[in-house]
Every structure is written in structure tokens, then in C-alpha cells.
Amino acid sequence: MTTSREIRLAARPRGMPQPSDFELAEVELPEPGEGEVLIRNAFVSVDPYMRGRMNDVKSYVPPFQLGEPLTGGAVGQVVASKNPQWPEGTWVVHNLGWREAAVSDGSGLLPVDPSLAPVSTALGVLGMPGLTAYVGLLDIGRPQEGETVFVSGAAGAVGSAAGQIAKLKGCRVIGSAGTQDKVAWVRELGFDEVFDYHETDTREALREGIDVYFDNVGGSTLEAAIGAMRTRGRVVACGAISQYNATELPPGPRNLFLVVTRRLRIEGFIVSDHYDRFPDFLADMGGWVREGKVRYRETIVEGIENTPAAFIGLLQGDNIGKMLVKVGPEP
Ligand code: NDP
């Protein structure tokens, strides 16, 4: 491999990103220097948080720079190595993002064992989104057996995992998703109740009350969930995808005084603060996936040139399970 194609940010999106906000470029690959490796990617990940990094605002991660390739999760194989820790042939997860191949100095690489699970899962159920579901539900939401847990974005990478973990912990689980196909799949996963939020009023669907809300979407769904909370209920503030493309922020939940009267806890978290939980997560989740207790799906788009379309599709709800782009050979 002597060249690689990559996707760069050409313009900062206003509202929903457009294909013209991205550009495809081809670059010469340098020979890896001392301590470096050349990685050929099999899959690159498109993730909702990347939308926030496209804005020029201060946040928990710095913004993407115009004209630069977009960094983010990817999984690939070391095809040339001058770093003994990462010999040729090793599969790794890294954060160099939307490119067919990349040279890395070895920092930030995590090993992937292709004999245990398809390597794509290292970007989904056994990777960052899976850890988000695990930490968010178990450490932040702390559901007790018999409690009712509501998960929005239930057909997505994080939501589908969070709901299944809640079932394994003996909870009653309600999910919401955006199409009938998604609703049918989430029901197959064992959620007790699932509804399409375009067709069913969320307040109506939650009328019997909930103890934990795993929030992936924010907005009116969050307000409805707060309204349905039982005393000492917990909101796991994981994401707010309903407002990632908003040019004007919507008014916040109007019913926040219920936090006082019902002694609620609303707690946000960022998964990258919780990588100390990765070994526990991998042991538990790896076992659950192997035993078929946690199931997953992936929506796979082909070709690095289609990464912007996959990303826009993710924000529009085209995916069931984890949205990925296949850019090179798998093991
Ligand atoms: P998903 O796989 O869930 O994909 C995004 C989904 O969001 C779409 O498929 C779509 O499904 C849904 N969606 C889009 N617009 C809306 C809307 N207006 N209202 C309701 N749903 C909408 O993505 P992930 O699983 O990767 O991420 C889920 C959430 O978790 C995101 O908010 C993300 O930012 C957050 N997250 C947070 C992390 C953290 O550290 N706190 C780490 C990782 C993710 P549908 O058809 O059902 O609408």
C-alpha cells in the first residue's frame, strides 16, 4: 500500500451535514519510521458525537479542523511495523478515523483478537458504544432487579446494548425507536415493550412509571421521561441526538421541578472517563455475546468515499444497530 484515501472536513455544517461539507483526498503513505506501524483499515466508525466536533466550539474534545482528515474509531491490521509491540499481522482498534490506511506511532492502539468475534464488533457491541451502554446503565443508572428501565434510541448501537443488559439484570425494559422495522427487531431482543415514537405519544407509553431512563435523544422524550419518573428515579444522560443538528436550541424540559419533588438524579457521563472499566466490560459483554444473551446488528456501508453519506444516514436514522463503513479486507 503506497496511497490511502481519506475524508476531510471541507466546511462546518449548519444544521444537518451535507455531502459538500466533506471532501475525499488521496495521500501518499509514508514508510513507517522507528516505533511506527502502518495500519490498513477494515472498518471505520461513524458516531453521533462526531457531529459536535464539526462545530467550532469548546467541548470535552477539541473541534475537527477544516481541511484535516476526520479522526475517530477504526479497526485495521498492522501491515508494516517498526514497533515490536505491534508486529505485522496484529489487528488493532485506533482513533485515526476516516481513512483507508494510517501510520501510527503506536499510542492509543488497542489489540483485537479476530478469533473471538468479528473485528467490526470492536467498534460496536464490544467497543466504545458497548462500553457506553455498560457503564451508563450499570454505574450511572444502577438499576435494581424488578425496576422499570426506559431506553430511547433502542435500535441503535448503544440503546440496543443498554436495554439487553437491563433485561439481564432482571429489569422490565421499555424501548423507543423510529421505524416499525426497528421496533420489531428491538422486540426480538427481548424488550418488554417497544414503541415507534413517531406514532405513539411517549408520555402515554410511559404512563405506568419508570425508575431509570437511559437517554440517548434528549428533547421532548427527556421531558416525557422525567414526567414518568417514580420517586428516586435516575436519568442516565448519555446523549441528545434530537438536538445535534439544531441551529437554535429547543427549550429545556419544562418539568425540572419534579427532580426536587420526586428526589430524582440526572447524571451525565462521557465514556472516555471510564476506560478503567474496559476489562470488566469485555469479560461480561464478551461472555454475553458469545452465549447469545446480548445480540447485536450492524448496518454496513461500503467504501471510504461513502463515509459522509453513512454519517448523514446515521443522523437521519438509516441504521439498525451500529453504523459502520467497510473500507478494506476483513480477517
Ligand atoms: P445510534 O446507533 O443510536 O444511531 C443514532 C440514532 O439516533 C438513529 O439511528 C436514530 O434512530 C436516532 N435519532 C436520530 N435523530 C433522532 C431524533 N430527532 N429523535 C430521536 N432519535 C433520533 O447511535 P449510537 O448508539 O452510537 O449513539 C446513541 C447516543 O449515545 C447518541 O446520543 C450519542 O451521542 C450517545 N453517546 C454518548 C456517549 C457518551 O460518552 N456519553 C458515547 C457514545 C454515544 P431512530 O430511527 O430510532 O430515530
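Residues take their numbers from the sequence shown, with the count starting at 1. Counting convention: from 1, in listed order, for ligands and their atoms alike.
Protein neighbours of ligand 1 below 4.0 Å, counting non-hydrogen atoms: P48, M128, T132, G156, A157, V158, A177, G178, K182, Y197, N216, V217, C238, G239, A240, I241, S242, Y244, F269, I270, V271, L314, L315, G317, N319, G321.
With respect to R14 and D21, no salt bridge is recorded, no charged nitrogen being found less than 4.0 Å from a carboxylate O.
Using the six-membered ring where Trp is involved, Y134 and W288 have ring planes that are tilted, between 30° and 60° apart. Using bins of under 30°, 30° to 60° and over 60° for the plane-to-plane angle, the ring pair F311/F22 lands in the perpendicular bin. Relative orientation of the F278 and F281 rings is tilted, given thresholds of 30° and 60° on the angle between their planes.
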Please list, one pair per line, the donor and acceptor atoms closer than 3.5 Å that link side chains of residues 54-63 to other protein atoms, with sequence neighbours excluded.
| from | atom 1 | to | atom 2 | distance (Å) |
| --- | --- | --- | --- | --- |
| N55 | OD1 | R51 | NH1 | 2.8 |

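Judged purely by distance below 3.5 Å, without hydrogens or angles, the side chains of S81 and N83 never pair a donor atom with an acceptor atom.
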